[in-house]
Asks: 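Take a look at this one; I'll ask things after.
Being a predicted model, the structure only gives us computed values, none of them experimental. These numbers come from the heavy atoms of this one structure, side chains and all, not from hydrogens, waters or symmetry mates.
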Amino acid sequence: MEELEFGGELEKKTAVVEQVIRRYLPGDDGGYAKKIREAMCYSMEAGGKRLRPLLMYESYHLYGGESAIVEPFMAAIEMIHTHSLIHDDLPAIDNDALRRGKPTTHAVYGEPMALLAGDALLNYAYETAFQAFLYTYGREDAEEEDGRIVEALRTLGEKTGIHGMLAGQSVDVENEKSGHLSIDRDLLDYIYEYKTSKLIEAPLQIGAILAGADKSDVFCMNDLGKKIGLAFQIQDDILDVTGDEEELGKPIRSDERNEKTTYVTLLGVDGAREKVESLTRQAVELLETVPGDTAFLIWLVKKLAARTK
């Protein structure tokens, strides 16, 4: 019954997230730059779990948030995530032709336009996040709310730039095809923490910040995001070896093809699974210490650890 109940809740919440994202997508302005807008929307509308905006939505409401101020940030985090996927798929990096069961952006629009669409989504994400200020205009508590938005923007920039996701991606690219023996566990953990976890930490932290949570609660969300992110990435490693390409919607064995060191190459499939289970257990234990109704989040964390796509 729990699976059915929470599954239905996930479906409803994902639909809400989807509506928010589509509301902030760039429309066709009738100008000469129509193609780049089309490429941006193609990538954003290709589907996906919408995990990051969903986690932000959950964190915001967990700490008592009630306004639409979180929505521009929800759209922004998905834009940044999609930008990273477009660039990851490029021939210069992973050279993948399939993403979410559809041809990748460069396969449809060509490499130059895909590169520009990824850049445009990253920039447009911050344009979108700034729209949160529109929700505080004229309100009595505008100064306090604006302060939270500024802190959320700072967090968004830090977690996605050279102190976060892009740092991890750069180290990942630098060490690709360098041979499995050259990357040890510490370096791999750095890559995973920065490339993947930082973009899970960001929405959980931002949701708490915008809701006015205490610093200790914001730190708790950061710690939670780190554990979820690492487990998520290691599960990706496992699925790249054991998954079904049709179900995954992307090529399998791409890590092997690109000579990437993963948790599977270091620990084997069973060892990697044990690590996912350990991190998931730690995340659940952390959520159990958080006041409020965390039942759905706990179910979601367990669901992510057991996912097959």
Side-chain angles (χ1 to χ4, degrees), residues 17-53 72-131 156-157 159-162 164-174 176-177 191 194-196 198-199 202-203 236 240 245-246 248-255 257-258 260 309:
V17 169
E18 197 70 48
Q19 289 174 0
V20 170
I21 290 170
R22 290 179 183 274
R23 192 158 64 245
Y24 284 97
L25 290 179
D28 181 5
D29 65 351
Y32 289 116
K34 177 181 179 179
K35 189 61 70 175
I36 192 170
R37 290 168 173 261
E38 184 182 311
M40 291 165 70
C41 289
Y42 171 82
S43 305
M44 287 291 293
E45 293 174 338
K49 301 175 187 66
R50 307 304 196 195
L51 174 62
R52 290 150 191 85
F73 281 94
M74 288 167 59
I77 198 72
E78 189 68 7
M79 290 173 189
I80 293 171
H81 173 55
T82 303
H83 128 83
S84 73
L85 298 182
I86 292 174
H87 284 183
D88 269 354
D89 290 336
L90 288 169
I93 302 184
D94 286 347
N95 193 25
D96 284 329
L98 197 66
R99 168 75 67 175
R100 294 167 175 169
K102 299 176 66 175
T104 49
T105 308
H106 73 265
V108 176
Y109 293 94
E111 189 174 348
M113 187 58 72
L115 182 63
L116 291 171
D119 290 343
L121 273 174
L122 182 59
N123 190 83
Y124 194 64
Y126 291 99
E127 289 183 53
T128 301
F130 272 107
Q131 292 188 48
L156 187 65
K159 295 288 187 181
T160 59
I162 60 169
M165 178 187 68
L166 290 176
Q169 287 182 316
S170 71
V171 177
D172 188 24
V173 169
E174 183 182 3
E176 192 172 277
K177 298 186 179 180
I191 292 170
Y194 280 75
K195 181 179 179 178
T196 303
K198 294 296 182 183
L199 213 60
D236 260 6
D240 189 67
E245 185 167 314
E246 186 174 340
L248 283 172
K250 62 180 180 180
I252 61 170
R253 300 279 179 181
S254 63
D255 291 336
R257 185 177 69 245
N258 291 314
K260 281 189 173 182
K309 61 180 179 179

Asks: Rounded to the nearest 0.5 Å, what's the gap from NZ on K35 to CE on M40? Could you check?
Replies: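 One finds 14.5 Å between NZ of K35 and CE of M40.
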Asks: I'd like to know whether Q169 forms a side chain to side chain donor-acceptor pair (under 3.5 Å) with Y194, so could you lay out the CA-CA distance, the side-chain angles of the two residues, the decisive distance to 0.1 Å, and finally the verdict.
Replies: CA-CA 8 Å; Q169 287 182 316; Y194 280 75; over 6 Å; no
Asks: Once you round to the nearest 0.5 Å, how far does OG1 of T128 lie from CD1 of I21?
Replies: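 T128 atom OG1 to I21 atom CD1 measures 11.0 Å (nearest 0.5 Å).
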Asks: Decide yes or no for P72 and F130: does some side-chain heavy atom of the first lie under 4.5 Å from some side-chain heavy atom of the second?
Replies: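 With C-beta onward as the side chain, the pair stays apart.
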Asks: For the OG1 atom of T104 and the CG atom of D88, what is their distance to the nearest 0.5 Å?
Replies: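 Answer for the OG1-CG pair, T104 versus D88, is 11.5 Å.
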Asks: Please check if any side-chain donor atom of Y24 sits under 3.5 Å from a side-chain acceptor atom of Q131, or the reverse.
Replies: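 Their side chains do not contain a donor-acceptor pair, so the 3.5 Å distance test is not met.
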Asks: Is the backbone of L115 close enough, under 3.5 Å, to the side chain of H87 for a donor and an acceptor to pair up by distance?
Replies: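 Side chain of H87 to backbone of L115, a donor-acceptor pair under 3.5 Å: yes, one is there.
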Asks: Hey, are the side chains of V17 and M74 touching, using non-hydrogen atoms and a 4.5 Å cut-off?
Replies: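 Side-chain contact under 4.5 Å: yes.
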Asks: Quick one: do E38 and K34 make a salt bridge, cutoff under 4.0 Å?
Replies: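 Between K34 and E38 there is no salt bridge, as every charged N stays at least 4.0 Å from the carboxylate O atoms.
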Asks: Minimum heavy-atom separation for A97 to A107, with atom names?
Replies: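 Heavy atoms of A97 and A107 come nearest at O-CB, 4.3 Å.
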Asks: Can you check whether G47's main-chain N or O pairs, donor with acceptor, with R100's side chain at less than 3.5 Å?
Replies: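 Yes, the answer is positive, given that a donor and an acceptor are paired below the 3.5 Å cut-off.
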Asks: Which heavy atom in L156 sits nearest to a heavy atom in A76, and how many Å separate them?
Replies: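 Shortest heavy-atom contact: CD2-CB, 4.4 Å.
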Asks: Strictly distance-based, threshold 3.5 Å: is any side-chain N or O of D29 a donor or acceptor partner for the main-chain N or O of G31?
Replies: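 Side chain of D29 to backbone of G31, a donor-acceptor pair under 3.5 Å: yes, one is there.
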Asks: Under a 3.5 Å threshold, yes or no: a donor from one side chain and an acceptor from the other, between S43 and T82?
Replies: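 S43 vs T82: no donor-acceptor pair found between side chains.
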Asks: For N95 and L90, run side chain to side chain contact (heavy atoms under 4.5 Å, CB included): C-alpha distance rounded to whole Å, both residues' side-chain angles, the deciding distance at 0.1 Å, then the answer.
Replies: CA-CA 5 Å; N95 193 25; L90 288 169; over 6 Å; no
Asks: Considering only NZ, NE, NH1 and NH2 on the basic side and carboxylate oxygens on the acidic side, decide whether D28 and R37 come within less than 4.0 Å.
Replies: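 No, this pair does not count.
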Asks: For the atom pair OH (Y109) and CG (L116), what is the distance rounded to the nearest 0.5 Å?
Replies: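 Result: 13.5 Å between the selected atoms.
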Asks: Going by heavy atoms in the side chains, are M113 and V108 under 4.5 Å from each other?
Replies: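 No, side chains not in contact.
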Asks: Any chance you could lay out the side chain to side chain contact (heavy atoms under 4.5 Å, CB included) test for K102 and L98, step after step, and finish with the verdict?
Replies: CA-CA 5 Å; K102 299 176 66 175; L98 197 66; 5.6 Å; no
Asks: Rounded to the nearest 0.5 Å, how far apart are CG of L85 and OG1 of T105?
Replies: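 One gets 8.5 Å once the value is rounded to the nearest 0.5 Å.
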Asks: Set out, in order, the CA-CA distance, both residues' side-chain angles and the distance that settles salt bridge (Lys or Arg N to Asp or Glu O under 4.0 Å) for K260 and D240, then state yes or no.
Replies: CA-CA 11 Å; K260 281 189 173 182; D240 189 67; over 6 Å; no
Asks: Side chains of R52 and I80: closer than 4.5 Å at any heavy-atom pair?
Replies: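 The answer is no; the side chains never approach within 4.5 Å.
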Asks: So, for M165 and S84, which heavy atoms are closest and what is the spacing to 0.1 Å?
Replies: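 So the two residues come closest at SD-CB, 3.8 Å.
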Asks: Of all the heavy-atom pairs spanning K198 and K159, show the shortest one and how long it is.
Replies: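 Smallest heavy-atom distance, with atoms named: CB-O, 3.4 Å.
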Asks: Quick check for you: to the nearest 0.5 Å, what is the distance between D89 atom CG and I93 atom CD1?
Replies: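 Here the interatomic distance stands at 9.0 Å.
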Asks: Distance-only, no hydrogens or angles: does the H83 side chain make a donor-acceptor pair with backbone N or O of L122 under 3.5 Å?
Replies: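 Checked: no pair found.
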Asks: Might you point out which heavy atoms bring A114 and I86 nearest each other, and give the distance in Å?
Replies: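 In terms of heavy atoms, the two residues are closest at O-CG2, 3.2 Å.
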Asks: Does either side chain, that of Y126 or that of T160, offer a donor lying less than 3.5 Å from an acceptor on the other one?
Replies: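 There is such a pair (donor and acceptor under 3.5 Å, judged by atom type) between the side chains of Y126 and T160.
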Asks: Nearest heavy-atom pair of P103 and Y42: which atoms, and what distance?
Replies: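 The pair with the smallest heavy-atom distance is O-OH, 2.6 Å.
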Asks: Does the distance from a Lys or Arg side-chain N to an Asp or Glu carboxylate O, for E78 and R50, drop under 4.0 Å?
Replies: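 R50 and E78: salt-bridged.
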Asks: C41 versus P26: any side-chain heavy-atom pair under 4.5 Å?
Replies: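 Yes, side chains in contact.
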